[in-house]
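Only heavy atoms go into these numbers, but all of them, side chains included; no hydrogens, no water, no symmetry mates.
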Amino acid sequence: MAGKFELYKDAAGKFRFRLKASNGQIIATGEAYESHASALKGIQSVRNNAGDAALDDQTT
């Protein structure tokens with residue numbers, strides 16, 4: 001099973017998403033969005049940009 005995005009409302013009524021790995025572990029979380037449509041755009045942005053994103057290792 002592949003990972004999945006979960007879209008939900010937080011306690012303040014804002015839309016948020018989290019990305020879960022196939023084992024159910026949360027591996028990424030999104031910011032709070034005012035609208036459902038904006039949260040969906042945030043998910044699409046992660047989908048579009050994460051695959052070839054560079055690593056900026058600031059620990060070295």
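Across Ile26 and Lys20, no two heavy atoms sit closer than the pair CG1-CE, 3.8 Å.
Evaluation of the salt bridge (Lys or Arg N to Asp or Glu O under 4.0 Å) test over residues 39-56, restricted to residues two or more places apart or in two chains, returns none. The ring-ring contact (aromatic ring centres under 6.0 Å, His included) analysis of residues 38-60, with sequence neighbours excluded, yields no pairs.
Contact check for Leu40 versus Tyr33: no side-chain heavy atoms found under the 4.5 Å cut-off.
Hydrophobic clustering, with ILVMFWY side chains joined whenever heavy atoms are under 4.5 angstrom apart, groups Ile27 together with Phe5.
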Donor-acceptor pairs are to be reported for all side-chain atoms of residues 10-18 against protein atoms at under 3.5 Å, with residues two or more places apart or in another chain.
unit_1	atom_1	unit_2	atom_2	d
Asp10	OD1	Ala12	N	3.0
Asp10	OD1	Gly13	N	3.0
Asp10	OD1	Lys14	N	2.8
Asp10	OD2	Arg16	NE	2.8
Lys14	NZ	Glu34	OE1	3.2
Lys14	NZ	Glu34	OE2	2.2
Arg18	NE	Glu6	OE1	2.7
Arg18	NH2	Glu6	OE1	3.4

